[in-house]
Amino acid sequence: MSTHVNRLGEDTPRTGLLPTGTGVAVWSLDTTLDVVGGHRVDEALPILDANERDRAGRLVRAGDRHRYLASHVGLRVLLGGYLGMAPQDVCLVREDCPCCDGPHGRPAVAGGAVQFSLSHSDDLAYLAFAGVPVGIDVEAVPSAAAVKDVLNSLHPAETAELSALPAAQRPEALGRLWSRKEAYFKGTGTGLAEGLAEPYIGSGPDPAAVPGWRLIDLPAPPAYAAALALRV
């Protein structure tokens, strides 16, 4: 199953109807843009909440700060479009962590009218919106050194799959696998707290079946991999 990836640019987006149930909308964003969804990134602070402004202020590098601001302006513009409100009026909260019940679980909209997930890699961000818990991830294809570093942290069957490939094919296969795992962990809210091994998701052309979840590989630019996890 493939999912269309909408592109958020400088103009105010036409979001369409709020996704419900297992319906999902996916967007991509070039985070180097100076204007996102009709809002200048260098004038973005009034749109963001105190937590977002604090995090942006702690980013030392100007490029990192710009990418963060662009992605969060994009998030708020799209959420506002789906919810019928101004971007600055969207109230973001944190769910409880499923591992420890601390207040640092999945980011969410107060009231839960829509579920969302945000991921970024280099100058690229992906965003997903659904009526059920959702996770999204976009990753640059890793280096050969990164493959070696994580190879034995994966599910044994995944380690075997990657090890059986020619060395030149392993980075692309790990990129597929990593984006699928990250999307799943973002959807569940566990993050990497329980390690990378479980569940088995696979590095092959199609994701493995995971009970209670639908995993979907998304279109991505060359040298990137992207995936979506949707609770069903």
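All residue numbers refer to positions in the sequence shown, counting from 1.
For the pair Ser203 and Ala173, the tightest heavy-atom approach, listed with the atom from each and the gap, is CB-O, 3.8 Å. The two residues Gly37 and Pro13 come nearest to each other via the heavy atoms CA-CD, 4.1 Å. The two residues Val138 and Ser121 have their closest heavy-atom pair at O-CB, 3.5 Å. Tyr68 approaches Leu59 most closely through the heavy-atom pair CB-CD1, 3.6 Å. When all heavy atoms of Gly23 and Pro19 are compared, the pair lying nearest together is O-CB, 3.6 Å. Leu8 approaches Leu29 most closely through the heavy-atom pair O-CD1, 3.5 Å.
With sequence neighbours excluded, no residue forms a ring-ring contact (aromatic ring centres under 6.0 Å, His included) with Phe116.
Salt bridge status for Arg176 with Asp217: absent, with no side-chain N to carboxylate O gap under 4.0 Å. Between Glu158 and Lys181 there is a salt bridge, with a side-chain nitrogen of the basic residue lying less than 4.0 Å from a carboxylate oxygen of the acidic one. A salt bridge is defined here as a Lys NZ or Arg NE, NH1 or NH2 lying under 4.0 Å from an Asp or Glu carboxylate O, and Asp123 with Arg67 meets this definition. Taking a cutoff of 4.0 Å between a charged side-chain nitrogen and a carboxylate oxygen, Asp49 and Arg76 qualify as a salt bridge.
Summarising the geometry, atom CZ belonging to Arg65 is positioned 11.5 Å from atom CG belonging to Asp42; distances are rounded to the nearest 0.5 Å. Taking OG of Ser119 as the reference point, atom CD of Glu182 lies at 7.5 Å (rounded to 0.5 Å). Distance check, rounded to the nearest 0.5 Å: CG of Asn51 to NE2 of His72 gives 10.5 Å. Interatomic distance, Arg106 CZ to Phe185 CZ, rounded to the nearest 0.5 Å: 14.5 Å. To the nearest 0.5 Å, atom NE2 of residue His39 and atom CD1 of residue Ile47 are 4.5 Å apart.
Val36 and Leu48 fall within the same hydrophobic cluster, defined by Ile, Leu, Val, Met, Phe, Trp and Tyr side-chain heavy atoms under 4.5 Å apart, directly or through other members. Grouping the Ile, Leu, Val, Met, Phe, Trp and Tyr side chains by contacts below 4.5 angstrom, directly or via other members, places Phe129 apart from Val132. Leu218 and Leu78 fall into different hydrophobic clusters, where Ile, Leu, Val, Met, Phe, Trp and Tyr residues are linked whenever their side-chain heavy atoms come under 4.5 Å apart, directly or through other members. Under the 4.5 Å side-chain heavy-atom criterion for grouping Ile, Leu, Val, Met, Phe, Trp and Tyr, Val35 is not connected to Leu75 through any hydrophobic cluster. Under the 4.5 Å side-chain heavy-atom criterion for Ile, Leu, Val, Met, Phe, Trp and Tyr, Trp178 and Val141 are members of distinct hydrophobic clusters.
The closest side-chain heavy-atom distance from Gln88 to Pro46 is not below 4.5 Å. Taking 4.5 Å as the limit, some side-chain heavy atom of Leu228 sits within range of a side-chain heavy atom of Val24. Residues His66 and Asp34 meet the side-chain proximity criterion, which asks for heavy atoms closer than 4.5 Å. In this structure, the side chains of Leu162 and Leu151 come closer than 4.5 Å at one or more pairs of heavy atoms. For the pair Val210/Tyr200, no side-chain contact is recorded, criterion being any heavy-atom separation below 4.5 Å from C-beta on. Looking only at side-chain heavy atoms (C-beta outward), Thr15 and Leu79 stay at 4.5 Å or farther from each other. Residues Val73 and Arg40 fail the side-chain proximity criterion, which asks for heavy atoms closer than 4.5 Å. Looking only at side-chain heavy atoms (C-beta outward), Ile216 and Leu230 stay at 4.5 Å or farther from each other.
Side-chain contact annotation: Asp137 with Tyr184, donor-acceptor N/O pair under 3.5 Å absent. Between the side chains of Tyr126 and Glu139, no donor N or O sits under 3.5 Å from an acceptor N or O. Between the side chains of Gln115 and Arg231, not a single donor N or O lies within less than 3.5 Å of an accepting N or O.
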**Verdict with supporting geometry, Leu69 and Leu45, side-chain contact (heavy atoms from CB on, under 4.5 Å)** = CA-CA 8 Å; Leu69 291 171; Leu45 291 182; 4.1 Å; yes

**From CA spacing to verdict: side-chain contact (heavy atoms from CB on, under 4.5 Å), Leu118, Leu127** = CA-CA 5 Å; Leu118 165 65; Leu127 307 97; 3.7 Å; yes

**Message:** Apply side-chain contact (heavy atoms from CB on, under 4.5 Å) to residues Val41 and Leu33 and explain how you reach the verdict.
**Reply:** CA-CA 8 Å; Val41 174; Leu33 291 176; 5.7 Å; no

**Request:** I would like to know whether Val26 and Asn6 meet side-chain contact (heavy atoms from CB on, under 4.5 Å); could you show each step before the answer?
**Result:** CA-CA 6 Å; Val26 176; Asn6 302 285; 5.5 Å; no

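No donor-acceptor pair closer than 3.5 Å links the side chain of His155 to the backbone N or O of Gly202. Using a distance-only test at 3.5 Å, with no hydrogens or angles considered, a donor-acceptor pair links the side chain of Asp30 to the main chain of Thr32. With hydrogens and angles ignored, the 3.5 Å screen pairs a side-chain donor or acceptor of Arg170 with a backbone N or O of Ser163.
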